[in-house]
Student: 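Below: one structure in structure tokens.
Quick note on labels: first sequence line is chain A, next is B, and so on, each numbered from 1.
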Amino acid sequence: MAFNKVTAYVGGAGTGKTTELKRLMLLYIKKGMKVLIYDDFDHPSYRDVPKITIAQLPYWKSGIYRLIHTDSQEAFAAISKYVWNALIVLEDCFKYTGYRFTKPMLSFIINAKQQNCDFVFMYHCWAWVALDLSRRCDAYVVFKTNDTPESRFTKKDAPYLEQLTEVHKLVLLDTNDYKKKLFKTKVNG
Amino acid sequence: MDSDENEINDFFGSDTEQKTPVIETTAEKTISEWGNDFDTKKASEEQVIVQTKQPVKQEVKTESIVKKITQIEAEASATVTIGVVDLMQRTILNIILNKKFEKKFTEDQIEIVDRVEDLPDDKLTPEEVSLKKRFNKSFAKYEKTGETIPFNAVEKDEMKEILAEYYKVTGKAVSPNLLLAGAFIDKIGKRVATIMFD
């Protein structure tokens, strides 16, 4: 049975998020999946990735594309309608998701399970991570940040907060600037 | 590859073979290696090879999905359509106008007008002067009416906008071959119309 993975990449600028994500994208391509990077801004890090428009989404067969569309609701509606078997990367998503996900956004994430889509939410710091994500997130890939998970979550929001904080501390203490660690939440098993 | 990357790979369900790429090479991967592919037909059923995670077959949607066309396609289709429609209406209306004008004068009268056209009035008979004036007045009216037949710039813009919207809504654009043919018919036809009626 297909299930969708919701992952958050949290790390400051220049900590290796994009590089790690590009590696992950290649894994998906090798698995025969598609990768869609969504942003409302033409991010320089992905200039080598070809663009796709909402109108072209129904005709997309394979590979990696990025969707630049200023109206995020319209973009999510199109993605949820046309994108199947894909990794959907929401680059710097605080800009368009805010602290709370809108109802269509939540439906989109939950319904994506049926379309075999995985999600990666990219955040630059813990303070910007949406509270709704804490309950839906299957894993965090923790990079170095200036703040801590405690600056965003309480134990009520994230029962795994203590363990997550420990992992974050280990990453911060590491001498490698690009240190990352995977943290699986207990909420979703 | 370090243990953290292995852990991430395992989480995302990769097999041993898929763990070979390293960060440096990945960052330099070109678009072609990413295997981008696009289909002109809607990918109604997706076939992918996966061992660890089997992609779900995309349901064939029963409702009709209107093919979306680009702004350029819509505008090009609208421009050519207006050009051809304008040409048609110019041809038809000019023929009607000519017939209407020709009915006003007999062949003998037109012959007289042709003969006396460049002569001063004092050298003509009163009947010839009267005929010449009537002809010139009618011809001026004919020319004025003829000028109003082609679509003006404002009309063209308005119709272009409406037609472009129509093409976008219906998702049907004029095919490239017809666009080309339409453009030639429009340009050459206008010259033919000018030669015929001006």
Side-chain angles (χ1 to χ4, degrees), chain A residues 1-3 5 7 16 18-35 48-50 52-65 78 81-87 113-118 120 138-139 141-142 171 174 176 178-184, chain B residues 1-15 17-59 61 63 65-71 73 168 171:
Chain A
M1 184 184 163
F3 68 100
K5 292 192 180 83
T7 315
T18 307
T19 312
E20 168 59 24
L21 190 67
K22 283 187 175 178
R23 196 184 63 81
L24 180 69
M25 291 193 301
L26 202 65
L27 285 181
Y28 270 76
I29 292 301
K30 286 189 172 181
K31 284 198 287 180
M33 307 278 282
K34 300 182 287 189
V35 178
D48 51 346
V49 180
I52 193 170
T53 63
I54 283 181
Q56 290 169 323
L57 280 180
Y59 309 99
W60 176 32
K61 275 178 72 185
S62 62
I64 303 176
Y65 283 93
K81 189 169 182 182
Y82 297 120
V83 178
W84 291 65
N85 303 320
L87 170 69
K113 184 178 181 176
Q114 311 305 326
Q115 295 175 212
N116 202 24
C117 287
D118 288 349
V120 168
D138 299 306
V141 180
V142 182
V171 171
D174 200 287
N176 180 2
Y178 306 112
K179 182 68 180 171
K180 57 188 171 289
K181 271 206 167 289
L182 178 79
F183 175 79
K184 291 185 211 170
Chain B
M1 184 175 300
D2 59 27
S3 60
D4 295 320
E5 281 179 6
N6 276 335
E7 202 181 352
I8 293 168
N9 287 351
D10 289 340
F11 173 71
F12 284 102
S14 69
D15 57 23
E17 196 181 334
Q18 287 161 354
K19 289 176 186 172
T20 44
V22 291
I23 291 171
E24 287 74 21
T25 51
T26 309
E28 289 165 7
K29 286 286 169 192
T30 60
I31 294 163
S32 61
E33 284 171 292
W34 286 350
N36 285 0
D37 191 13
F38 230 86
D39 196 357
T40 49
K41 291 177 184 173
K42 185 179 178 299
S44 59
E45 191 173 299
E46 311 218 337
Q47 293 177 345
V48 284
I49 305 156
V50 174
Q51 288 179 346
T52 52
K53 187 168 182 180
Q54 192 66 35
V56 178
K57 272 190 179 179
Q58 185 169 337
E59 291 167 353
K61 291 183 173 57
E63 84 254 31
I65 297 164
V66 175
K67 184 199 165 208
K68 292 195 175 177
I69 59 169
T70 62
Q71 183 69 19
E73 280 177 310
K168 273 199 280 184

Student: So which heavy atom on B:Glu5 is nearest to which on A:Lys180, and how close?
Tutor: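 Heavy atoms only, the tightest pair is OE2-NZ, 3.3 Å.
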Student: Quick check for you: to the nearest 0.5 Å, what is the distance between B:Asn9 atom CG and A:Leu27 atom CG?
Tutor: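 If I round to the nearest 0.5 Å, the distance is 4.5 Å.
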Student: Show the nearest heavy-atom pair for residues B:Glu7 and A:Leu182, with the distance to one decimal.
Tutor: O-CD2, 3.6 Å
Student: Is it the backbone or the side chain of A:Thr18 that comes under 4.5 Å from a heavy atom of chain B, or both, or neither?
Tutor: neither
